[in-house]
Amino acid sequence: MKKRTSYDVIVIGGGHAGTEACSAAARMGAKTLLITHDITKIGEMSCNPSIGGLGKGHLVREIDALDGVMGRAIDYAGIQFRMLNSSKGSAVRGPRSQADRYLYKKFIQKTLNNQRNLEILQESVDGLIINDEKIHGVSLSSGERLLSKSVVLTTGTFLRGMIKIGNESIPAGRIGDKPSVKLAKTIESLKFSIGRLKTGTPARIDKKSINFNNLEEQLPDKTPTPFSFINSVIHREQISCYITHTNKKTHKIINDNLKLSPMYSGKINAMGARYCPSIEDKVVKFYNKNSHQVFLEPEGLKSEVVYPNGISTSLPENIQKEFISSINGLENAKILKPGYAIEYDYINPQQLTHNLQTKKIGNLFLAGQINGTTGYEEAAAQGLIAGINAAINNCKNHKNFILNRSDAYIGVLIDDLVTKGTSEPYRMFTSRSEYRLTLRADNADQRLTPLGVQIGCVSTNRNKIFLKKLQSLKKDFNNVRELSITPTKLKEKGIKIKLDGKRRTAYNLLSYKDYNFETIVKIWPELNHVSLDNRHLIETESKYESYLLRQKEDIKDYQKDENLILPKNINYSTIASLSNEVVEKLNKVRPPTLSAASRISGITPAALITLLRYVKKSKNYKVVV
């Protein structure tokens, strides 16, 4: 129930960006109001029932390190935890979990309802109150006006949202919800540069109609790794997912009906997510592949709904049923809800500053899909930063809270958006960061929690847990650096090492490929008390030490040579290590300098370093003075 007519911060939208924005602002002490069209859908997982993944999992850990909500919510609701890339280095491992939709939403709503300084209002916002190029509040569909020192827009796919299923077009922000048309027109009247993007979702299938007998089972990790740094164990029951595949028959049905797909009939012109393509796109663009994976993901422990991840579509419902029934295990599948595509307005994020405030209208902040991103995690990360800065904005002599590229993946995300912009839904990957060896998921709290404490968005309880961990980690680090042994003694213990007479510390031994913490515990049993988390962190720091030095030199070279002129006749297709996406974009734009190449959306820092090395090796280059 609304009690005030004036607030420090008003947040519009109750999705993942809005959740983090209103929670962060309230934690900062700002009198905050969250306005959403339907309070029962706050925290709704509108698309896939999962959180995390490669790059995305890093964002969730960083959100949690700043006392955000998402990490704790998925720890409460997660029903299948998996550490992706677990066999690879720590820098590219990504925590991911399937979620029980009901439990996830339940946790979010309970958390916001109990958040001090936060009120929630079920209403629609039709307009913005603007004077002297600054926002002063919002006007509601009821005609009421609410004043605020700062406003955060987190509209998701609701700005002029239009659902497409075959030849059918339905005005909606998501299935069953009306779009925000008046608010979209208000934004347009402010002369913002606006574009259209699209996303999509697959049909939902009745679990009872699926034959799981011959499908590949995907087991959860034996020991789930929590997302939140304040949780040590996961108590929720863990279940399996299943994998099936499309086939030649599936692809033929889709190819034969492409003209009925809005994307191929001309009814949708907006750019979709490159890294989460529809099944129509997969069949057309990867025509040489006879099958694609389909992950059958349960939507909850008590739910009979299954989400078939990998076959997002906007084909007519009867064609969806036909191609789905051609897939192994889905022969008798019952569709509970058809898949669909949705088009919506977004604002060119180059019109924002690094604190996510618009350059055109003071005190107006944007976060989430309105900025051209895709995914719950990217939205939540932006919401967190927008909420913090909206609250800081109310203070005299305030200093913006801005994370640099070297601080966090959140910093990479925002820097990419506001400097390069995007013409397609932006998704986070570890490859987007030139500092990924230091921006690991396991050390997000060490990087960010102290910063959060300084600005006041981290609770006293979380800070106590963090300081206790830091003290323990420092003590354990000192121990492994002080304990040492001779090569001869190592040989006696069955450990092969160069007999050069030089003593090796426990920390030195951890840098060797074949040795881990279990190895040094056998030598020094007094280290057996070290926690699993601390063991992992110490071992990772030791193994990465030499790589970090090389990376710093690479970055220094790149920064020094960013004005290097690229040869006009360069053939990007011949440069090893460049992805097809990067080659496609470089060939299309033909950037004149390395600096210009860096501003192309989707060109990663790693690709730029590869390009720099290639050109300098060819000796066919000049540098702008």
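Put simply, the side chain of Arg274 reaches to within 4.5 Å of the side chain of Glu581, judged on heavy atoms. His136 has its side chain within reach of Ile129: a pair of non-hydrogen atoms, C-beta onward, lies under 4.5 Å apart. In this structure the side chain of Leu384 never reaches within 4.5 angstrom of the side chain of Phe401, judged on heavy atoms. The shortest side-chain heavy-atom distance between Ile120 and Ile42 falls under the 4.5 Å cut-off. The side-chain heavy atoms of Arg145 and Leu140, taken from C-beta on, include no pair separated by under 4.5 Å. Counting heavy atoms from C-beta on, the side chains of Tyr376 and Ser50 never come closer than 4.5 Å. Inter-residue side-chain proximity for Thr32 and Asp8 is flagged as unmet; no heavy-atom pair is nearer than 4.5 Å. Considering only heavy atoms from C-beta on, Ser141 stays 4.5 Å or farther from Lys182 through its side chain.
Considering every non-hydrogen atom in both Lys41 and Gly176, the closest pair reads NZ-O, 4.5 Å. Across every non-hydrogen atom of Ser312 and Gly200, the tightest pair is OG-C, 3.2 Å. Here the closest heavy-atom approach between residue Ile108 and residue Gly43 is recorded as CG2-CA, 3.8 Å. Contact detail for Cys47 and Thr201: the closest heavy-atom pair is SG-OG1, 3.9 Å. Taking both residues in full, the closest heavy atoms of Glu280 and Ser261 are given as OE2-OG, 3.1 Å, listed atom of the first, atom of the second, then distance. When all heavy atoms of Gly53 and Arg96 are compared, the closest pair comes out as N-CB, 3.7 Å.
Put simply, the residue from Thr374, Asp416, Leu197 that forms a side chain to side chain contact (heavy atoms under 4.5 Å, CB included) with Tyr426 is Asp416. With Gln350 as the fixed residue, the side chain to side chain contact (heavy atoms under 4.5 Å, CB included) test singles out one of Asn348, Leu352, Ile347: Asn348. When Arg160, Gln369, Lys185 are each tested for a side-chain hydrogen bond (donor to acceptor under 3.5 Å, both in side chains) with Asp345, only one passes: Arg160.
Defined by atom type and a distance below 3.5 Å, a donor-acceptor pair is present between the side-chain atoms of Glu119 and Tyr7. Looking only at atom types and distance, the side chain of Tyr435 has no donor-acceptor partner in the side chain of Asn404 under 3.5 Å away. Lys134 and Asn363 form no side-chain donor-acceptor contact under 3.5 Å, judged by distance and modelled atom types alone. Checking Asn400 against Asn355 by side-chain atom types alone, a donor-acceptor pair falls below 3.5 Å. For the residue pair Ser169/Lys164, the side-chain donor-acceptor check at 3.5 Å is satisfied. Side-chain atoms of Asn371 and Thr373 form no donor-acceptor pair, as typed in the model, at a separation below 3.5 Å.
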With side-chain contact (heavy atoms from CB on, under 4.5 Å) as the criterion, how do Val11 and Leu33 come out once you've worked through the C-alpha distance, each side chain's angles and the decisive distance to 0.1 Å? CA-CA 6 Å; Val11 178; Leu33 174 68; over 6 Å; no
Is there a side-chain contact (heavy atoms from CB on, under 4.5 Å) between Gln357 and Asn389? Walk through the geometry before answering. CA-CA 8 Å; Gln357 184 175 196; Asn389 282 301; over 6 Å; no
Apply the test side-chain contact (heavy atoms from CB on, under 4.5 Å) to residues Ser23 and Leu118: give CA-CA distance (whole Å), side-chain angles for both, the deciding distance (0.1 Å), then the verdict. CA-CA 7 Å; Ser23 175; Leu118 176 63; 5.7 Å; no
Set out, in order, the CA-CA distance, both residues' side-chain angles and the distance that settles side-chain contact (heavy atoms from CB on, under 4.5 Å) for Val69 and Glu20, then state yes or no. CA-CA 6 Å; Val69 183; Glu20 297 296 348; 3.6 Å; yes
Show your reasoning for whether side-chain hydrogen bond (donor to acceptor under 3.5 Å, both in side chains) applies to Ser139 and Asp126. CA-CA 6 Å; Ser139 56; Asp126 282 354; over 6 Å; no
Could you check Arg405 against Glu434 for salt bridge (Lys or Arg N to Asp or Glu O under 4.0 Å), going step by step and ending with a plain yes or no? CA-CA 8 Å; Arg405 297 184 72 91; Glu434 59 270 59; 3.1 Å; yes
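Within the model, atoms CE of Met70 and NZ of Lys56 stand 9.0 Å from one another, a figure rounded to the nearest 0.5 Å. Interatomic distance, CD1 of Ile194 versus CD1 of Ile370, reported as 8.5 Å (0.5 Å rounding). The OG1 atom of Thr430 sits 9.0 Å away from the NZ atom of Lys88 when rounded to the nearest 0.5 Å. For the atom pair His16 NE2 and Gln382 CD, the distance stands at 13.0 Å (nearest 0.5 Å). Atom CD in Glu343 sits 8.0 Å away from atom CE in Met162 (nearest 0.5 Å). A distance of 8.5 Å separates CG of Leu146 from CD of Glu123, quoted to the nearest 0.5 Å.
Remark: Arg61 is not positioned above the aromatic ring of Tyr409, lacking an NZ or CZ atom under 6.0 angstrom from the ring centre and at most 45 degrees off the axis.
For Asp415 (side chain) and Gly411 (main-chain N/O), no donor-acceptor pair under 3.5 Å exists by modelled atom type.
By the 6.0 Å contact criterion, CG on Asn580 is open, its count of non-hydrogen atoms from other residues, nucleotides or ligands being 12 or less.
Residues meeting the salt bridge (charged side-chain N to carboxylate O under 4.0 Å, His left out) test with Arg174, sequence neighbours left out: Asp177.
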